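Working notes for the structure below.
Lettering follows sequence order; numbering is per chain, from 1. All values derive from a computational prediction rather than experimental measurement.
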Amino acid sequence: MSSRVRMAPSPTGLLHIGTVRTALFNWLFARHDSGEFRLRIENTDTTREVAEAVDQIQDSLRWLGLDWDGPATFQLDRMDDCREVAQRLVAEGKAYEDDGAIRFRMPDEGVTAWDDVVRGRVEFPNEKLEDVVLVRSDGRSTYNFASPMEDVWDGITHVIRGDDHISNTPKQLNIIRAVGAEVPVYAHVPMVYGSDGKKLSKRHGAVSVEEFRHAGYLPDALVNFLALLGWAPDGETTIMSRAELIERFSLERVSQSPAQFDYDKLDWMNGMYLRAMPLDDFAHALILYLGEQGYDWDAELVRKTAPLVQEKIARLGEFPGFAGFFFEDVEPNPDDLGDATPMLEAAQAALEGLEPFTAEAIEAALRAAADELGLKPRQAFQPIRVAVTGSKVSPGLFESIELLGRETTLARLSAVRAV
RNA sequence: GCCCCCAUCGACUAGCGGUCCAGGUCGCGGCCCUUUCAAGGCCGUCGCACGGGUUCGAAUCCCGUUGGGGGCACCA
């Protein structure tokens, strides 16, 4: 029998990166196994539902490339079915009414146990299990009832979820058995924490997929990074394509201990992915990203700047700050300029009639000018960089000047001298 | 309070009784390269939480301690 798994977010806000990590494990498992990966929206708590959340969740998943099989389903749509089952359980004496709600009668003795794929054998004494509410007094089923029932109806073979659900599992197990269905295999994966060992949240940095997208991370890099949080194919491999991830993934190698989200490592990895891209792809990603973020910069010019920045940035979001001077006027800080009038004059003179106006020729001309003034390259070029790019940090100076063009370069050089 | 889980460098991890005076990656430090910043190359720093066992032999198995996390809703 082929496997079927699911991710089951509740539509209460933007898709959390921790949820994605768990979803990714489901997805990798399904793709590895030629199984199905379903998307179920757990919206039984209508009071917490956020209107746009369902669309946002699906957008985020699509952007990440985590494709799901079949249409997304909604837990609320099965309320009637749940109520029916609950009634049957009441009739069978397995559940009872309580204040208008329906509660499940948990066993009082013995233990409820299962073999968890990542934790091994897990046992719960039944005396600790509460009689959970199946259906609220207003008729809506609860999560602990709807979720296992849907797993049954959808033919879910493996429930792969965060280990914060461990204590729900014995309850759900008993419910599933009570309705006479077959229980799925459970795999509780550890959660993702922030740098302080606490649940990953806003104050640690970006947490929603939207934020990572906005910051200019690549889906492939994010997926690669997330896969390595609590899973490793061996001790050596770190950069893996989706295909390799799928091929090598197995639940048995998922760690039992929680992992901390390391933003530095993500940046490093994203940089690796950025640099590994063919130049055209990189330029394309850049143009797409800038468009998404609302920049109306000339795509052709962006394309031309791409080779100058590809090795320099780790996130696409660094581009505007790093290469914005190609598209917008600059305001150099006089303090960064220092007292460099002679070199700036010399540079102006050197570039004025230079032919051809290419990076190589520009470099040769400026080096000659620096020599003449007895300046070291560093001393000579820094003020030019500040004048032309508006910053002490920039792409290669000579290439930048070539791309910027003679006119703009000269204008910027004389602008700082006028101050 | 009760129940459950986790424990290797600062971080992610490899290790599943000898091949480990613990390997890889990020970070950090140094050097090289160099027009800035990166990138790249080379070198280095840092760890088996603690205490008892078991065993010829333990990072690996068992027990306890400590530390951390999660759960105990008519939330999911």
Under 4.0 Å protein heavy-atom contact, by nucleotide of nucleotides 70-76 of chain B - B base, S sugar-phosphate only: SS--BBB
A:Asp138/A:Arg136 ion pair, N-O < 4.0 Å: no
B:G29 - base-pair partner by Watson-Crick or wobble geometry, distances under 3.5 Å: B:C43
Gap between atoms CG and P, on A:Asp196 and B:G10 respectively (whole Å): 17 Å
Pair assignment for B:U35, Watson-Crick or G-U wobble, requiring both distances under 3.5 Å: none
Strand-adjacent residues in residues 350-360 of chain A, judged by heavy atoms under 4.0 Å from RNA chain B: none
Euclidean distance, atom CD of residue A:Gln382 to atom P of B:U34 [Å, nearest integer]: 17 Å
Working for salt bridge (charged side-chain N to carboxylate O under 4.0 Å, His left out), residues A:Lys202 and A:Glu211: CA-CA 10 Å; A:Lys202 206 78 197 136; A:Glu211 289 172 282; 2.3 Å; yes
is_close_aromatic(A:Phe327, A:Trp297), centroid dist under 6.0 Å: yes
Under-3.5 Å donor-acceptor pair between A:Lys376 side chain and B:U35 base: no
Minimum heavy-atom distance A:Phe326-A:Ser400, with the two atoms named: CE2-O, 3.6 Å
Euclidean distance for P, B:C6 against B:G24 (whole angstrom): 29 Å
Nearest-angstrom distance from the residue atom CZ of A:Arg367 to C1' of B:U36: 13 Å
A:Arg242/A:Glu247 ion pair, N-O < 4.0 Å: no
Atom C1', compared across B:G51 and B:G67: separation rounded to whole Å: 15 Å
Whichever of A:Pro377 and A:Phe261 has its nearest RNA chain B nucleotide further upstream toward 5': A:Phe261
Dump the pairs, protein N or O against N or O of nucleotides 6-9 of chain B, anything under 3.5 Å, distances to one decimal.
{"unit_1": "B:C6", "atom_1": "OP1", "unit_2": "A:Gln256", "atom_2": "OE1", "d": "2.8"}

Closest to side chain of A:Arg253, choosing from B:C12, B:U35, B:G15: B:G15
Steps toward salt bridge (charged side-chain N to carboxylate O under 4.0 Å, His left out) verdict (A:Arg121, A:Asp116): CA-CA 6 Å; A:Arg121 185 84 176 164; A:Asp116 197 287; over 6 Å; no
Nucleotide paired to B:U19 in any strand shown, Watson-Crick or G-U, under 3.5 Å: none
Rounded distance in Å between the C1' positions of B:C16 and B:C61: 11 Å
Check nucleotides 37-40 of chain B for protein N or O atoms closer than 3.5 Å to its own N or O atoms and list the pairs.
{"unit_1": "B:C37", "atom_1": "O2", "unit_2": "A:Lys312", "atom_2": "NZ", "d": "3.3"}
{"unit_1": "B:C37", "atom_1": "N3", "unit_2": "A:Lys312", "atom_2": "NZ", "d": "2.3"}
{"unit_1": "B:C37", "atom_1": "N4", "unit_2": "A:Lys312", "atom_2": "NZ", "d": "3.1"}
{"unit_1": "B:A38", "atom_1": "O2'", "unit_2": "A:Glu311", "atom_2": "O", "d": "3.2"}
{"unit_1": "B:A38", "atom_1": "O2'", "unit_2": "A:Lys312", "atom_2": "O", "d": "3.3"}
{"unit_1": "B:A39", "atom_1": "O4'", "unit_2": "A:Glu311", "atom_2": "O", "d": "3.4"}
{"unit_1": "B:A39", "atom_1": "O3'", "unit_2": "A:Arg275", "atom_2": "NH1", "d": "3.0"}
{"unit_1": "B:G40", "atom_1": "OP1", "unit_2": "A:Arg275", "atom_2": "NH1", "d": "3.3"}

Of all pairs that satisfy ring pair (Phe, Tyr, Trp, His ring centres under 6.0 Å), the ones with a partner from residues 359-412 of chain A, not counting sequence neighbours: A:Phe381-A:Phe398
Sugar-phosphate, base or nothing in reach of A:Leu397, heavy atoms under 4.0 Å: base
Nearest-Å distance once atom P is located in both B:U45 and B:U55: 38 Å
Sole residue of A:Arg38, A:Arg40, A:Arg161 in salt bridge (Lys or Arg N to Asp or Glu O under 4.0 Å) with A:Asp151: A:Arg40
Pairwise C1' distance for B:A14 and B:C56, with rounding to whole Å: 27 Å
C1' spacing across the pair B:U8 / B:C21, given as an integer number of angstrom: 16 Å
Salt bridge flag under 4.0 Å for residues A:Lys392 and A:Asp335: no
A:Asp234 bridged to A:Arg248 by N-O distance under 4.0 Å: yes
A:Ala232 or A:Glu236, whichever maps to the more 5' nucleotide of RNA chain B: A:Ala232
Minimal non-hydrogen separation, A:Thr238 against A:Leu228, with atom names: O-CD2, 3.2 Å
Atom-to-atom span, CE of A:Met240 to P of B:A14 - whole angstrom: 11 Å
A:Asp108 and A:Asn126: side chain donor to acceptor below 3.5 Å: no
Qualifying ring pair (Phe, Tyr, Trp, His ring centres under 6.0 Å) pairs, either residue in residues 225-253 of chain A, two or more places apart: A:Phe25-A:Phe249, A:Phe225-A:Phe261, A:Trp231-A:Phe249
G-U wobble or Watson-Crick pairing nucleotide for B:A7 (cut-off 3.5 Å, both distances): B:U66
Test: A:Glu84 and A:Arg78 ion pair at under 4.0 Å: no
Worked verdict on A:Asp164 versus A:Lys199 for salt bridge (charged side-chain N to carboxylate O under 4.0 Å, His left out): CA-CA 11 Å; A:Asp164 51 332; A:Lys199 229 179 199 164; 5.3 Å; no
B:G64 and B:G44, which share atom name P, separated by this distance in whole Å: 42 Å
Between B:G18 and B:U60 - P atom distance, rounded Å: 12 Å
Opposite nucleotide pairing with B:U55, Watson-Crick or G-U, both atom distances under 3.5 Å: none
